[in-house]
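Heads up: the structure comes next, in structure tokens.
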2 protein chains.
Amino acid sequence: MDDKEPRWLTEAEAAAWMPLLATAMWLPAALDQQLQVDAGMSNFEYGVLAALSGQEGRTVRLSELARMANSTLPRLSKVIDRLDRNGWVIRRPDPADGRSTLATLTDKGVEKVEATAPGHVARVRALVFDHLTPAQVRQLATITTKISATFELDRICAPRPSRDSSAETTGNDARASLA
Amino acid sequence: MDDKEPRWLTEAEAAAWMPLLATAMWLPAALDQQLQVDAGMSNFEYGVLAALSGQEGRTVRLSELARMANSTLPRLSKVIDRLDRNGWVIRRPDPADGRSTLATLTDKGVEKVEATAPGHVARVRALVFDHLTPAQVRQLATITTKISATFELDRICAPRPSRDSSAETTGNDARASLA
DNA sequence: GAGTTTAACTTGACAAGGCAAGCAAATAGG
DNA sequence: CCTATTTGCTTGCCTTGTCAAGTTAAACTC
């Protein structure tokens, strides 16, 4: 059934794999922790608010927002419930299509994002960039761009029956508004 | 209270941050998916079995195993329940210390790990290393080692009241047995 | 050596995410 | 137009992780 010698990791690869995995497991938790303490929200929720704040009219259809935030629709639906309860977002049926729901960032939501962003950026710096040289930042960008591109392929090839092919959606993350 | 200009991310940093975050969010999910399909277990469970398989007598105390797997004790306790139900691990009180519990990898567990490892490694290659040059692999090792070292500091400084200081535990991940 | 403190787990209640089923609006077909 | 299908979202159930409390054993104090 399986190959006798399945191409093990080289020593150099193993030396990269362990800290990479550790980083992948801890980075989201570390971001969650800071945002939870300072702003009472998760990293994912912040990403949703940030994504909304960058949109025309601070409004997006849920299905598109889910795509922007790398989320499933059920997950997003529940998160919007919570953001709605907090008064940061409002839900409203799309007048142009009764099936769709529009999420809009409220003024209170804008304030919240603006109040939260500096601390979040500071944490990102402290966790990642403060320890890297400019050259390493460039290397990191190149490498992670390659890796994350793999997930795009995965997402398109594996789970779907093959639908729309979508060349336009190159998979932007929700944090566009950080820059 | 807060600085007027909170040191925003540079363009280069933002270019690294977005794909890094995407990678951190998707890598664990992608590993889970493969292991779930091929072996009926999560990435975390695989990590626990792999950590056990590398130990003298395939046996470790739960508290130390939790440290090796970057896990909390409650989480590990429940995972061991499941691994126990599957016959891959057995629990046994530590004869040397009645408070402690020893987890031992069974023969069936060893077989499971050995049967699972090749597919897992193949996935790791496909997701990460197949797209990187040897130089990039070295860069990645250097960079992620720096980043993950930050989490060690975080874990020691932030949440604890200041306990043992532990210079010995440099935070190895559970995947030692991949190399 | 009895009483208190600490350590190692376990358990229970609760929140979060995933999957599948349900529902309502829009589109398509005849 | 009336039905059938598809699309967009919501809901319910189940699994999993976290936090706090409980339990038992060791260590420490006097």
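We name chains A, B, ... by the order of the sequence lines, and we start the count at 1 in each one. Because the structure is a prediction, the values reported are computed rather than measured. We use all heavy atoms of the structure for the numbers below, so side chains are in, but hydrogens, waters and symmetry mates are not.
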| query | Does a donor on one side chain and an acceptor on the other come within less than 3.5 Å for B:Arg91 and B:Thr101? | reply | no
| query | Quick one: on DNA chain D, does B:Gln36 or A:Leu73 contact a more 5' nucleotide (nearest heavy atom)? | reply | A:Leu73
| Which one, D:dG8, C:dG18, C:dG12, comes nearest to the side chain of A:Ser100? | D:dG8
| request: Could you tell me whether the phosphate oxygens of D:dT23, OP1 or OP2, come under 4.0 Å of any side-chain nitrogen or oxygen in B:Arg99? | output: no
| message | Does A:Asp97 reach a base, just sugar-phosphate, or nothing at all? Heavy atoms under 4.0 Å. | response | sugar-phosphate
| Think B:Thr72 has a side-chain N or O under 4.0 angstrom from the OP1 or OP2 of D:dT18? | yes
| note | Testing D:dG17, D:dG8, C:dA8 for proximity to the side chain of B:Val79, the answer is D:dG17
| request: Starting from P on C:dA16, measure out to CD1 on A:Ile80 and report it in whole angstrom. | output: 14 Å
| Whole Å only: how far is the CD atom of B:Glu45 from the C1' atom of D:dG17? | 12 Å
| Reckon A:Thr101 has a side-chain N or O less than 4.0 Å from the OP1 or OP2 of D:dG8? | no
| query | What's the closest nucleotide to the A:Pro74 side chain, out of C:dC19, C:dG18, C:dT10? | reply | C:dC19
| query | Roughly, in whole Å, what's the span from CG in B:Asp81 to P in D:dT15? | reply | 14 Å
| task | Please state whether the phosphate of D:dT16, meaning OP1 or OP2, lies under 4.0 angstrom from any side-chain nitrogen or oxygen of B:Arg75. | result | no
| request: Between D:dC19, D:dT10, C:dA8, spot the one nearest the side chain of A:Arg91, thanks. | output: D:dT10
| said: Given C:dC19, C:dA26, C:dT10, identify the nucleotide with an atom nearest to the side chain of A:Lys78. | reply: C:dC19
| request: Report which part of the nucleic acid A:Leu62 touches: base, sugar-phosphate, or nothing (heavy-atom distance under 4.0 Å, all strands). | output: sugar-phosphate
| Side chain of B:Arg82: nearest nucleotide among D:dG8, C:dC19, D:dT16? | D:dT16
| Contact under 4.0 Å: B:Ser63 side-chain N or O vs C:dC9 OP1/OP2 | yes
